[in-house]
Amino acid sequence: MKVKIDFEHPYFDEKTIFELTLDDLNCFYADANEVNRLNLFFILEASLHKLQDRKNVKASARCAFLMAYYLFVPLTPPASYELSRFYIDRALEWDETSEYRQWKERIGKGN
């Protein structure tokens, strides 16, 4: 799936959140300029808030998982470990899956 930044629609809907893969995030990061690399994180954050407002727990968990991955692997800002841990803990709180649990273990090993 090709990830696009759209300022007129600055969030992803539930369907898109479930269709996004880690490879999609990696490809976006590799192809995007520095500003859009950061903008993607904020679109994920806005998506998370919208999904939570709608009480969509599973999609919120998936979005938090994607945020944890994006922060920890491609983006890697200062404090990426702590930020990633925060989002993966939310994902697990909202939807305990083996994929999210494995990712928490990976984050625990550090960058």
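Both backbone and side-chain heavy atoms feed into the values below; hydrogens, waters and symmetry mates do not.
- Atoms CD1 and CD, from Ile88 and Gln102 in turn, are 10.5 Å apart once rounded to the nearest 0.5 Å.
- Nearest approach of Asp95 to Tyr100, heavy atoms of both residues: O-CD1, 3.1 Å.
- Residues Tyr69 and Asn26 have side chains that bring a donor and an acceptor to within less than 3.5 angstrom of each other.
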Test side chain to side chain contact (heavy atoms under 4.5 Å, CB included) on Leu75 and Leu38 and set out the steps.
CA-CA 8 Å; Leu75 199 56; Leu38 295 172; 3.9 Å; yes

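- Side-chain heavy atoms closer than 4.5 Å link hydrophobic residues (I, L, V, M, F, W, Y) into clusters, and following such links, even through other members, never connects Tyr11 to Val57.
- A salt bridge links Glu19 with Lys15; the closest basic N to acidic carboxylate O contact falls under 4.0 Å.
- Judged by distance alone, the side chain of Ser47 and the main-chain N or O of Phe12 form a donor-acceptor pair under 3.5 Å.
- If you take CH2 on Trp94 and SG on Cys63, they are separated by 8.5 Å, rounding to the nearest 0.5 Å.
- Within 6.0 Å of the CD atom in Glu82, the count of heavy atoms belonging to other residues, nucleotides or ligands exceeds 12.
- With values rounded to the nearest 0.5 angstrom, Leu71 atom CG is found 11.0 Å from Phe86 atom CZ.
- Within 6.0 Å of the CZ atom in Arg37, the count of heavy atoms belonging to other residues, nucleotides or ligands exceeds 12.
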Would Glu99 and Phe65 satisfy side chain to side chain contact (heavy atoms under 4.5 Å, CB included), going step by step from the backbone distance to the final call?
CA-CA 9 Å; Glu99 180 181 30; Phe65 164 71; 3.7 Å; yes

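- In terms of modelled atom types and a separation under 3.5 Å, the side chain of Asp24 and the main chain of Met1 share a donor-acceptor contact.
- Rounding to the nearest 0.5 angstrom, the gap separating the CG atom in Leu92 from the OG1 atom in Thr97 is 6.5 Å.
- By the rule that hydrophobic residues join a cluster once side-chain heavy atoms approach within less than 4.5 Å of another member, Leu40 and Phe7 end up as members of one cluster.
- Side-chain contact between Leu48 and Ile17 is absent, with no heavy atoms from C-beta onward closer than 4.5 Å.
- Side-chain contact check for Asp31 versus Val3: every heavy-atom pair is 4.5 Å or farther apart.
- Summarising the geometry of Leu83 relative to Pro78, their closest heavy-atom pair is CD1-O, 3.9 Å, with the distance given to 0.1 Å.
- The backbone N or O of Phe72 lies less than 3.5 Å from no partner atom in the side chain of Ser80, so there is not a single donor-acceptor pair.
- One distance of note links NZ of Lys104 with NZ of Lys109; it measures 14.5 Å at 0.5 Å rounding.
- With hydrogens and angles disregarded, a donor-acceptor distance shorter than 3.5 Å links the side chain of Thr76 to the backbone of Val73.
- Annotation: the span from Ser60 atom OG to Glu14 atom CD amounts to 9.0 Å, rounded to 0.5 Å.
- Within the 4.5 Å cutoff, no side-chain heavy atoms of Thr21 are placed close to those of Leu25.
- Applying the salt bridge (Lys or Arg N to Asp or Glu O under 4.0 Å) test to Arg90 and every residue at least two apart in sequence or in another chain returns Glu93.
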Checking side chain to side chain contact (heavy atoms under 4.5 Å, CB included) for the pair Glu45/Tyr87: CA distance, chi angles, key distance, verdict?
CA-CA 10 Å; Glu45 182 77 30; Tyr87 285 106; 2.5 Å; yes

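- By the 4.5 Å heavy-atom criterion applied to side chains, Phe28 and Asn36 are counted as neighbours.
- Scanning both residues, Ile107 and Ala68, for their nearest heavy atoms gives CD1-CB, 4.3 Å.
- At least one test fails for Arg62 against the ring of Phe18: distance under 6.0 Å to the centre or angle within 45° of the axis.
- At least one donor-acceptor pair under 3.5 Å links the side chain of Asn56 to the backbone N or O of Ala59.
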